[in-house]
Amino acid sequence: MAPKAPTKKKVAPTPAHAKKAAAPAKLVNPLYEKRPKVFGLGGAPPPKTDLHRFVKWPKYVRLQRQKRVLAMRLKVPPAINQFVTKSLDKNAAETLFKLMLKYRPEDKAQKKERLAAEAEARAAGKEADKKKPIVVKFGINHITQLIESGKASMVVIAHDVDPIELVVWLPALCKKMGVPYAIVKGKARLGAVVHQKTATALCLTSVKNEDQREFAKLVDTFKANFNDGKRVNWGGHILGPKSQHKQAKRERAIAAEAAQRASVV
């Protein structure tokens, strides 16, 4: 009888190579069938994405944006740049508008009432009270006349007047005549004070005794920030992102060449 061949014993696998226990099968609800969407031709409509860049905007919107970009690219002289960069701060502007609202000129209804009261007084044989009220003055020609005659005590100019040539000379005139002035945001905000859609500038000639302290504080603020403030420099000349990258690349190349020359010498 032939001897039996020696059998090799199987060695147990290491824990790293041991088979992991199979994960329990996920329960699937038979009522809900999985139907993946196919976004091909004739398939499901594509998901909503931001199509902002593909919108054809109205012409006035495109002009607004082009004008804004052009204003950034071109060099802006100081006389115009002050309307872009300098404006009265929020707290001072709030105080200013509160003061000016106390001196709003009469609207059509108030004027009608006043004239009716005067007519009744005349009919009764009484003398009508015709004392001139203290009100905010508006209208660029009227304000210019008040400044030149030295009657204006304070001038407020809107920053967004279009065309800017209407008011671009007004700060220089105020400085020359020693009239405190300020540039505030919003011609519509100025217009609301005087019952108009917009107003290029407003002017106060005087105020009542109870508002003198507040008025004096505003005058000091105007003089410190605008009349006697630091000189406004040229503005604009801000390049676009592509031009900035090109410029930076050119500067890096020049710097590398200069360093290479220095190392050779």
Side-chain angles (χ1 to χ4, degrees), residues 52 55-101 103-105 107-108 135-148 152-177 179-205 218 221-222 225-227 229-241 243:
H52 186 270
V55 175
K56 188 174 181 184
W57 294 96
K59 194 171 183 181
Y60 80 95
V61 174
R62 278 180 281 155
L63 284 171
Q64 280 175 356
R65 292 177 180 179
Q66 287 165 2
K67 187 179 176 183
R68 183 169 174 268
V69 171
L70 194 63
M72 287 168 69
R73 302 286 177 268
L74 297 175
K75 288 184 80 174
V76 183
I80 296 172
N81 193 37
Q82 64 181 336
F83 288 92
V84 181
T85 55
K86 285 182 80 174
S87 62
L88 198 63
D89 64 90
K90 191 177 178 182
N91 293 331
E94 197 175 337
T95 309
L96 171 67
F97 280 100
K98 276 183 184 176
L99 178 68
M100 286 199 297
L101 285 171
Y103 299 97
R104 292 182 86 183
D107 56 8
K108 287 182 180 179
V135 292
V136 176
K137 312 291 182 184
F138 64 100
I140 196 72
N141 290 335
H142 188 199
I143 288 170
T144 308
Q145 190 182 358
L146 290 170
I147 294 168
E148 288 175 343
S153 302
M154 175 194 289
V155 176
V156 183
I157 311 163
H159 86 295
D160 54 348
V161 178
D162 188 30
I164 196 68
E165 287 83 2
L166 290 172
V167 292
V168 77
W169 46 270
L170 199 54
L173 179 65
C174 290
K175 276 185 181 178
K176 186 182 177 184
M177 301 302 294
V179 177
Y181 77 95
I183 297 166
V184 296
K185 289 195 173 180
K187 58 185 178 183
R189 203 175 174 194
L190 291 183
V193 176
V194 291
H195 310 290
Q196 302 288 324
K197 283 184 181 177
T198 57
T200 54
L202 300 180
C203 172
L204 273 171
T205 51
L218 283 170
T221 307
F222 286 13
N225 294 338
F226 294 94
N227 291 63
K230 61 180 182 180
R231 190 175 177 180
V232 182
N233 297 322
W234 282 72
H237 202 55
I238 301 166
L239 299 175
S243 300

Residues in ring pair (Phe, Tyr, Trp, His ring centres under 6.0 Å) contact with His52, at least two apart in sequence or another chain: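 By the ring pair (Phe, Tyr, Trp, His ring centres under 6.0 Å) rule, His52 matches Trp57.
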
Applying ring pair (Phe, Tyr, Trp, His ring centres under 6.0 Å), name anything that partners Tyr181, two or more places apart in sequence or on another chain.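 With neighbours one apart ignored, the set is Phe226.
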
Do [X] and [Y] come within less than 4.5 Å of each other through their side chains, counting heavy atoms only?
| X | Y | result |
| --- | --- | --- |
| Thr85 | Asn233 | no |
| Leu88 | Phe222 | yes |
| Lys86 | His159 | no |
| Asn81 | Trp234 | no |

Side-chain ([X]) to main-chain ([Y]) donor-acceptor, under 3.5 angstrom:
| X | Y | value |
| --- | --- | --- |
| His142 | Lys137 | no |
| Arg62 | Lys56 | no |
| Arg73 | Gly236 | no |

How long is the straight-line distance from [atom2] of [Y] back to [atom1] of [X], given to the nearest 0.5 Å?
| X | Y | atom1 | atom2 | value |
| --- | --- | --- | --- | --- |
| Leu170 | Ile143 | CG | CD1 | 7.5 Å |
| Thr200 | Phe138 | OG1 | CZ | 10.5 Å |
| Lys175 | Leu173 | NZ | CG | 12.0 Å |
| Ile147 | Met177 | CD1 | CE | 8.5 Å |
| Ser87 | Asn225 | OG | CG | 10.0 Å |
| Leu218 | Met154 | CG | CE | 4.5 Å |

Atom of [X], atom of [Y] and distance for their closest heavy-atom approach:
| X | Y | value |
| --- | --- | --- |
| Asp162 | Lys187 | N-NZ, 4.2 Å |
| Lys185 | Arg189 | O-CD, 3.9 Å |
| Phe83 | Val168 | CE1-CA, 4.0 Å |
| Ala201 | Ile140 | CB-CD1, 4.4 Å |
| Leu204 | Leu99 | CD1-CD2, 4.4 Å |
| Val194 | Ala199 | CG2-CB, 4.3 Å |

What do the steps show when you test Thr144 against Trp169 for side-chain contact (heavy atoms from CB on, under 4.5 Å), and what is the final call? CA-CA 10 Å; Thr144 308; Trp169 46 270; 3.3 Å; yes

Counting only heavy atoms not in Gln145, do more than 12 sit closer than 6.0 Å to its CD atom?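 Atom CD in Gln145 is not crowded, with 12 or fewer foreign heavy atoms closer than 6.0 Å.
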
